[in-house]
Amino acid sequence: MTATRTGRRTRSEKTIDEYLLSEQQLEDMYYYMLLARRLNERMLALNRQGRAPFVIAGAGQEAAQVGAAMALRKGTDYLAPYYRDLGMNLVFGMTAREAMLNLLAKRDDSNSYGRQMPSHWANSERKIVTQSSVVTTQFLHAAGIGLAAKLKKDPIVVMTCCGEGSTSRGDFHEALNFAAIHKLPVIFFVENNGYAISERTEKAMPVPNVADRKRGYNIQGMVCDGMDGIAVYQTVRPAVDQARNGGGPYLIEAKCYRLWPHSSDDDDSRYRPKKELEEWSKRDPIKLFRERVESDGIFPKEDLDEIETRVDDEIRDAAQWALMQPDPEPEDALGFVYKEL
Amino acid sequence: MTATRTGRRTRSEKTIDEYLLSEQQLEDMYYYMLLARRLNERMLALNRQGRAPFVIAGAGQEAAQVGAAMALRKGTDYLAPYYRDLGMNLVFGMTAREAMLNLLAKRDDSNSYGRQMPSHWANSERKIVTQSSVVTTQFLHAAGIGLAAKLKKDPIVVMTCCGEGSTSRGDFHEALNFAAIHKLPVIFFVENNGYAISERTEKAMPVPNVADRKRGYNIQGMVCDGMDGIAVYQTVRPAVDQARNGGGPYLIEAKCYRLWPHSSDDDDSRYRPKKELEEWSKRDPIKLFRERVESDGIFPKEDLDEIETRVDDEIRDAAQWALMQPDPEPEDALGFVYKEL
Amino acid sequence: MTVMTVIEAVKTAMDEAMAADDRVFLLGEDVEAGGVFRATEGLHAKYGERVIDSPLAESSIIGLSIGAAHYGLRPIAEIQFADFIHAGFDQLCSEASRWSYRTRGDAYLPMVVRTPWGGGVHGGQHHSQSIEAYYSHMPGIKVVAPSFPADYRSLLHAAIADPNPVLFLEHKRTYRLIRQEIDGAEAETRLGKARVTRRGDDLTIYAYGLMLHESLAAAETLSGEGTECTVVDLLTLNPLDRETILETARATGKVLIVHEDTLTGGLGGEIAAIIAEHAFEYLDAPIRRVAAPDIPAMPFHHAMEDFFMPNREKIAVAARELAAY
Amino acid sequence: MTVMTVIEAVKTAMDEAMAADDRVFLLGEDVEAGGVFRATEGLHAKYGERVIDSPLAESSIIGLSIGAAHYGLRPIAEIQFADFIHAGFDQLCSEASRWSYRTRGDAYLPMVVRTPWGGGVHGGQHHSQSIEAYYSHMPGIKVVAPSFPADYRSLLHAAIADPNPVLFLEHKRTYRLIRQEIDGAEAETRLGKARVTRRGDDLTIYAYGLMLHESLAAAETLSGEGTECTVVDLLTLNPLDRETILETARATGKVLIVHEDTLTGGLGGEIAAIIAEHAFEYLDAPIRRVAAPDIPAMPFHHAMEDFFMPNREKIAVAARELAAY
Ligand SMILES: Cc1ncc(C[n+]2csc(CCOP(=O)(O)OP(=O)(O)O)c2C)c(N)n1
Ligand SMILES: Cc1ncc(C[n+]2csc(CCOP(=O)(O)OP(=O)(O)O)c2C)c(N)n1
Ligand SMILES: [Mg+2]
Ligand SMILES: [Mg+2]
């Protein structure tokens with residue numbers, strides 16, 4: 001579901017070009033970022049009310065997620081995301097109602113039908129690859145999809161994502177190594193939000209940037225401002241086009257910041273300086289985007305307010321609807337251990 | 001056991017200085033390289049005679065092994081070698097007789113008492129860390145030893161070794177990542193012999209040199225000519241000194257060549273071009289060394305011949321002696337599953 | 001008098017061991033900040049560089065501990081959730097378990113790997129697993145899974161003092177659920193010993209972790225109905241205490257093995273086999289097992305989680321059938 | 001008439017499958033050159049880029065196969081020796097085994113992981129292991145371990161056609177040791193079915209791989225002494241064929257389970273437990289197991305290797321005792 005255009009008004013075509021994004025795309029970007037954030041906020045509220053046992057959110061990473069996902073071909077390209085990537089799933093077609101079904105582990109949640117924790121995405125039709133809670137394993141799955149596509153000569157791209165802390169695992173190395181040797185069409189997208197639960201990046205990496213890890217594989221890689229959705233799109237889009245045309249894998253790092261605790265179970269006051277959080281909050285990706293498109297005169301305030309209202313309505317509807325949906329039966333724990341054809 | 005000096009003769013002191021190695025060290029280097037090669041040759045002969053079930057040799061890697069091991073402090077520094085590192089074990093004190101005991105899996109083989117395949121080295125007294133057949137795991141053991149030494153503030157260095165193919169494994173990444181983050185005194189020494197069984201380096205690495213992998217960890221690393229024992233020593237020695245003084249880990253690649261099949265079970269004619277083998281044989285590290293020290297007038301022919309004779313005598317003795325040593329009893333399979341204190 | 005929860009017992013043992021022996025150090029994800037279950041809270045402030053945050057890499061947490069233990073230190077590694085230990089399977093199985101064997105004790109590894117296991121916490125597929133069956137099939141590794149705080153404390157001390165690799169399993173659901181007055185409480189100090197927690201003539205229930213508590217509750221219920229159960233707290237899962245297992249099986253003639261792990265290939269099979277071979281003449285009934293169904297792991301939704309988890313009711317049902325046999 | 005060895009049967013099945021379905025491809029170390037056991041010899045020349053040398057990295061061999069199978073191809077991954085699969089434990093247990101379960105079949109993995117297992121080849125600690133117990137305790141994965149060439153061929157075809165991850169275990173000692181005239185030979189084509197290879201009234205022996213052949217030899221010896229054994233070739237180790245196991249146990253009343261793996265925690269425990277629970281009334285004797293001693297793995301020296309390995313003599317001794325019970 002994408003945003004429908006709002007009322008026409010005059011705006012500078014020049015700036016539009018700079019963005020490499022059409023008006024519709026810019027509007028979609030704002031819509032998806034906002035939808036992701038508001039969904040996460042509502043999810044946390046439901047958790048506080050004791051109606052959702054667990055929430056793990058992407059607050060602070062919406063620009064990275066939406067900007068990167070928009071650079072892919074929906075319906076064609078594969079996505080092997082990680083638990084924070086609600087924004088990516090929305091771009092790929094997940095609705096607010098589906099997101100709420102997943103949060104509440106309802107019977108009809110098409111990600112895992114209540115079998116996995118929330119935010120363990122999956123949707124074969126949308127080419128979202130199922131993932132576990134075990135981090136970084138999906139990097140190898142993405143490389144395997146890239147290998148298969150290369151063997152079949154299908155012009156697709158796979159994007160897989162993880163946090164900066166997850167790049168310390170062996171599977172990260174094995175996946176980049178193999179993808180580089182075989183020049184596979186894989187975008188390894190790392191959302192560096194500054195923390196792995198309580199551990200700052202210095203604990204996980206001897207290099208200042210995740211993207212520096214590309215040097216051991218002689219593949220291309222770059223760092224982008226993960227708080228700026230437009231910059232993310234502008235970085236990822238050319239890489240996707242290159243990869244699709246045999247340019248081999250890319251390692252792209254989006255510098256963002258985890259604005260919330262690790263999860264609804266985490267108390268970040270144990271390890272995170274208030275000051276730091278305040279500083280970063282000033283660069284809230286959604287605030288930044290709105291300021292920029294407003295000041296550039298792309299969208300007048302009214303358009304943006306209109307989107308906000310639409311998003312709020314959708315979420316109110318989604319939460320109310322999802323809460324009334326059926327839960328799994330106890331016996332639903334059984335079945336599909338093995339696939340029957 | 002080190003070589004005893006042979007008869008004195010005049011020689012140019014200048015060249016000695018260039019080597020950064022004393023006469024004694026140069027003589028030892030030749031002695032150990034030769035001892036390793038001749039031992040491997042005798043082992044293969046015993047295998048062909050059906051007296052040794054399995055041989056995995058270091059032919060072509062003697063300069064890399066002896067040059068690197070001589071840069072360490074015997075009795076102080078730790079070595080976590082891999083199966084080809086007979087040369088390193090000799091430098092650390094293993095005798096020809098012990099090497100033969102190990103080949104024949106005799107009861108008194110102090111590496112594993114016949115419990116492991118030959119060339120799975122271990123000797124706590126000599127600070128040789130036991131290893132399995134599973135490649136690259138020892139990289140993490142070495143990093144762990146480095147961490148322990150750092151915690152205890154012991155001024156030691158650990159060297160761990162593997163082949164270039166083994167650098168594709170996750171443990172390689174995890175070990176270098178951790179050692180780099182904590183600036184541990186570890187020398188990661190990779191003996192690039194051009195093949196992982198039948199696979200050429202292009203199959204294992206997207207980078208031309210193993211040492212290029214250092215760039216993902218921002219540690220120091222270098223490539224040296226693994227066929228030149230003196231060059232290897234000159235490369236490794238400064239790194240060892242640096243590491244000992246808190247300089248952090250090093251990734252050193254020695255370019256050598258596997259002159260023999262992978263093991264006594266392998267038929268390399270299936271995958272290796274004869275021509276290539278012939279070319280590399282011209283650079284046999286032992287031949288090169290002898291030519292160089294002879295032409296530089298370090299050792300006259302007689303000295304070197306004398307060493308050859310001594311080595312041959314030692315090996316004849318070692319083989320005869322080892323063959324007569326007792327085998328393990330069947331029941332020796334039991335015991336030491338758990339250590340009792 | 002001191003009442004301790006499981007998590008307090010674990011933390012106390014580590015604190016005591018670190019204070020007594022400076023070779024002991026901690027390595028794991030987020031341990032400096034206290035760990036996600038707060039088992040190491042305060043220890044970084046107290047012991048500084050002896051409490052080390054590892055990168056997010058389980059193979060290295062185990063592999064580094066092997067190296068450090070070989071060097072002579074006494075690492076206590078923490079795997080944040082048992083479900084994530086599998087990347088370290090190779091280091092545990094191919095290396096740690098064989099270190100002493102392959103050198104005939106010339107080298108050995110005084111190391112402990114602590115990890116929270118088990119379900120009932122809405123952890124879903126990857127925060128609820130029972131991993132003991134895999135890791136108990138590794139001669140050379142000892143596996144411990146206590147149930148009461150006093151045993152957690154004494155057995156963690158025993159594990160740290162042991163010269164062999166010990167996998168120390170902490171049932172996360174019991175961390176704050178189970179409390180015990182520990183002064184003078186019975187505490188097992190030896191690895192490899194099970195405890196007969198309750199004596200009854202009619203049948204024996206074997207369990208560990210959360211299921212031991214559920215089994216005791218079921219035994220209480222059955223006692224009210226006139227059926228008296230012996231309940232064995234296995235404590236150490238590898239090596240198993242065959243003597244206690246066989247003595248109790250012979251004494252009651254009917255046995256029920258309970259675990260949270262899935263049925264097929266779970267530890268219950270081995271215990272059943274030991275009894276079926278060595279106490280056969282004493283058996284008056286089929287050997288029963290109460291375990292989770294054979295699905296990959298705990299589903300997330302509470303309705304399915306409850307369906308998956310064995311509990312006092314399910315145990316009581318099986319025990320009644322057995323008693324009536 | 002065509003006589004095939006085990007290795008020929010394996011190669012033939014792969015060749016046939018690749019010829020019939022271009023989604024099938026091979027991934028593993030040294031497979032282009034034919035593999036260290038020559039199981040893939042000639043296939044690279046014949047199928048080109050569909051036979052792919054992987055780097056030396058087992059987690060990726062499994063993880064890449066998962067991705068490729070998810071995309072719709074049918075990877076046959078080769079792990080050079082079963083002993084080296086453990087770095088892929090996480091990818092198999094946490095990912096492959098749960099792919100269908102956690103999506104209710106929306107996604108699934110038609111992939112095969114082939115690997116040579118077992119001892120008796122002077123392989124020592126890390127080229128001889130039995131790994132089936134670990135990997136059979138993963139609902140969602142199927143584990144197959146045939147004994148005869150005809151079954152190797154037909155079951156490898158079945159594994160390739162199956163929409164689930166299948167671990168296909170090939171006993172390396174039998175690769176060239178066991179030959180069979182395969183035209184018209186009985187060949188099991190279904191995963192999950194055991195075969196009664198020999199019928200006898202006195203006792204039943206359960207085995208697989210090399211030990212199935214050793215068990216048949218022992219049964220022959222005992223037959224000469226007047227004791228008739230039923231011998232069950234398990235073929236599929238997960239899921240187990242409970243029907244055949246229970247039918248034969250009930251028919252003979254005495255059972256002997258044989259495996260090369262170490263005793264404690266081995267697959268024999270599960271089989272014993274199934275029988276002790278569901279065929280208890282029919283049992284006339286203790287359930288016996290013949291297995292390797294509880295040491296980390298096969299020692300290298302032939303004297304210790306022979307001591308470690310079960311064989312026809314050890315099986316015959318146990319069978320005689322059981323018959324005499
Ligand atoms: C293999 C594994 N080990 C540990 C965990 C527990 N865990 C969940 S998220 C997390 C931190 C991940 O940090 P990062 O990769 O930076 O991603 P972020 O959560 O910051 O987005 C950890 C340690 C896990 N899920 N998987
Ligand atoms: C984890 C693991 N996988 C596979 C093997 C089988 N194997 C033994 S040596 C070898 C090749 C190693 O190549 P390299 O690292 O270059 O060392 P080299 O033998 O060339 O010295 C392989 C695949 C192994 N020993 N360990
Ligand atoms: Mg992070
Ligand atoms: Mg090599």
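Throughout, protein chains are lettered first and strands after them, A, B, ... in sequence-line order, and every chain is numbered starting at 1. As the structure is a prediction and not an experimental result, all values here were calculated from the model.
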Quick check - list every chain A-chain D donor-acceptor pair under 3.5 angstrom, one line each.
residue: A/Arg115; atom: NH1; partner: D/Tyr101; partner atom: O; Å: 2.7
residue: A/Ser124; atom: N; partner: D/Asp106; partner atom: OD2; Å: 3.3
residue: A/Ser124; atom: OG; partner: D/Asp106; partner atom: O; Å: 3.3
residue: A/Ser124; atom: OG; partner: D/Asp106; partner atom: OD2; Å: 3.4
residue: A/Thr130; atom: O; partner: D/Arg102; partner atom: NH2; Å: 3.3
residue: A/Thr130; atom: OG1; partner: D/Arg102; partner atom: NE; Å: 2.7
residue: A/Ser132; atom: OG; partner: D/Glu95; partner atom: OE2; Å: 2.5
residue: A/Thr137; atom: O; partner: D/Gln91; partner atom: NE2; Å: 3.4
residue: A/Thr137; atom: OG1; partner: D/Glu95; partner atom: OE2; Å: 2.7
residue: A/His141; atom: NE2; partner: D/Gln91; partner atom: OE1; Å: 2.8
residue: A/Lys153; atom: NZ; partner: D/Glu49; partner atom: OE2; Å: 3.4
residue: A/Asp154; atom: OD2; partner: D/Tyr71; partner atom: OH; Å: 2.5
residue: A/Arg169; atom: NH2; partner: D/Asp90; partner atom: OD2; Å: 3.4
residue: A/Asp171; atom: OD1; partner: D/Ser59; partner atom: OG; Å: 2.7
residue: A/Asp171; atom: OD2; partner: D/Gln91; partner atom: NE2; Å: 3.1
residue: A/Glu174; atom: OE1; partner: D/Ser60; partner atom: N; Å: 2.8
residue: A/Glu174; atom: OE1; partner: D/Ser60; partner atom: OG; Å: 2.8
residue: A/Asp332; atom: O; partner: D/Arg104; partner atom: NH1; Å: 3.4
residue: A/Ala333; atom: O; partner: D/Tyr101; partner atom: OH; Å: 2.6
residue: A/Phe336; atom: O; partner: D/Ser100; partner atom: OG; Å: 2.8
residue: A/Phe336; atom: O; partner: D/Tyr101; partner atom: N; Å: 3.1
residue: A/Tyr338; atom: OH; partner: D/Gly140; partner atom: N; Å: 3.2
residue: A/Tyr338; atom: OH; partner: D/Ile141; partner atom: O; Å: 2.8
residue: A/Tyr338; atom: OH; partner: D/Asn238; partner atom: ND2; Å: 3.4
residue: A/Lys339; atom: N; partner: D/Asn164; partner atom: OD1; Å: 2.7
residue: A/Lys339; atom: O; partner: D/Asn164; partner atom: ND2; Å: 3.0
residue: A/Lys339; atom: NZ; partner: D/Gly105; partner atom: O; Å: 2.7

Checking heavy atoms, do the side chain of A/Ala333, its backbone, both or neither come under 4.5 Å from chain D?
both

Between A/Phe178, A/Phe336, A/Phe139, which residue shows the highest count of heavy-atom pairs closer than 4.5 Å to chain D?
A/Phe336

Taking every heavy-atom pair that is under 4.5 Å apart, which of D/Gly105, D/Ala68, D/Gly140 has the most such pairs with chain A?
D/Gly140

With a 4.5 angstrom heavy-atom cut-off, is it the side chain or the backbone of D/Ile141 that approaches chain A, or both, or neither?
backbone

Under 4.5 Å from any heavy atom of chain D - which part of A/Ala142
neither

Cut-off 4.5 Å, heavy atoms of chain D, and the answer for A/Leu184 is neither

If you define the side chain from C-beta out and look only at heavy atoms, does anything of D/Leu73 sit under 4.5 Å from A/Leu147?
no

Contact summary for D/Leu64 and A/Ala143, nearest pair of heavy atoms:
CD2-CB, 3.5 Å

Under 4.5 Å from any heavy atom of chain D - which part of A/Val129
both

Over all atoms of both residues, closest heavy-atom pair of D/Gly67 and A/Ile145
O-CG1, 3.3 Å

Any residue of residues 244-251 of chain A which, by heavy atoms, sits under 4.5 Å from chain D
none

Taking side-chain contact (heavy atoms from CB on, under 4.5 Å) as the definition, give me every residue that meets it alongside A/Ala318, ordered by chain and number, with sequence neighbours left out.
A/Ala96, A/Arg97, A/Met100

Show me the pairs that pass salt bridge (Lys or Arg N to Asp or Glu O under 4.0 Å) and involve residues 79-89 of chain A, at least two apart or across chains.
none

